[in-house]
Trainee: 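Structure provided below as structure tokens; questions to follow.
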Amino acid sequence: MANISLHHTSQAPLVGSFATFGQILATWRERTRQRRELTNLDYRTMRDLGISPTDVQFEANKPFWRS
């Protein structure tokens, strides 16, 4: 019978993992900030950008982890 290991060992260095995790957190914070700013736009600015209040509401209601 073959010996099969069910445990995966990562070959990635631990420091790289922390850096990647930090980048993910930074991206999430930036999305949250941008979506909050979208909700503060007035109608004229939305019209100038070519977006509707419905578009803004849709984007603002997305969870921070979704792009």
Side-chain angles (χ1 to χ4, degrees):
M1 185 148 116
N3 184 9
I4 299 173
S5 174
L6 298 178
H7 300 284
H8 174 72
T9 57
S10 174
Q11 300 300 322
L14 191 58
V15 173
S17 297
F18 284 129
T20 302
F21 185 67
Q23 289 171 347
I24 291 169
L25 287 177
T27 299
W28 288 351
R29 276 191 299 256
E30 181 64 15
R31 281 185 194 153
T32 300
R33 184 191 64 77
Q34 290 175 357
R35 289 175 179 160
R36 192 177 315 117
E37 284 186 19
L38 266 178
T39 62
N40 293 326
L41 295 178
D42 61 356
Y43 182 75
R44 183 176 180 174
T45 304
M46 284 186 248
R47 190 182 64 209
D48 288 347
L49 293 171
I51 57 177
S52 69
T54 305
D55 296 333
V56 168
Q57 200 63 22
F58 178 78
E59 188 65 31
N61 287 332
K62 282 185 186 178
F64 62 87
W65 61 85
R66 288 190 52 208
S67 57

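These numbers were taken from a predicted model, which means no experiment stands behind them. Quick note: residue numbers are just sequence positions, from 1. No hydrogens, no waters, no symmetry mates; every other heavy atom, side chains included, goes into these values.
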Trainee: Enter the distance from T32:OG1 to W65:CH2 here, rounded to the nearest 0.5 Å.
Mentor: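 Those atoms lie 10.0 Å apart.
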
Trainee: Would you say the side-chain atoms of T45 and D48 include a donor-acceptor pair closer than 3.5 Å?
Mentor: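 Short answer, no.
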
Trainee: Let me confirm one number: the CG-CG distance from D55 to L38, rounded to the nearest 0.5 Å.
Mentor: 10.0 Å

Trainee: How far does CZ of F64 sit from CG of L25, to the nearest 0.5 angstrom?
Mentor: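 One finds 9.0 Å between CZ of F64 and CG of L25.
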
Trainee: Taking all atoms of both residues into account, what is the closest heavy-atom pair of R66 and R35, and its distance?
Mentor: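 It is O-NH2, 2.6 Å.
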
Trainee: For the atom pair CZ (R31) and CD (E59), what is the distance rounded to the nearest 0.5 Å?
Mentor: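 It comes to 9.5 Å.
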
Trainee: In the single-linkage hydrophobic clustering (I, L, V, M, F, W, Y; side-chain heavy atoms under 4.5 Å), do W28 and F21 co-cluster?
Mentor: yes

Trainee: Grab the two heavy atoms, one from V56 and one from M46, that are nearest each other, plus how far apart they are.
Mentor: CG2-SD, 3.5 Å

Trainee: What distance separates R47 CZ from D42 CG, expressed to the nearest 0.5 Å?
Mentor: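 Separation between the atoms: 9.5 Å.
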
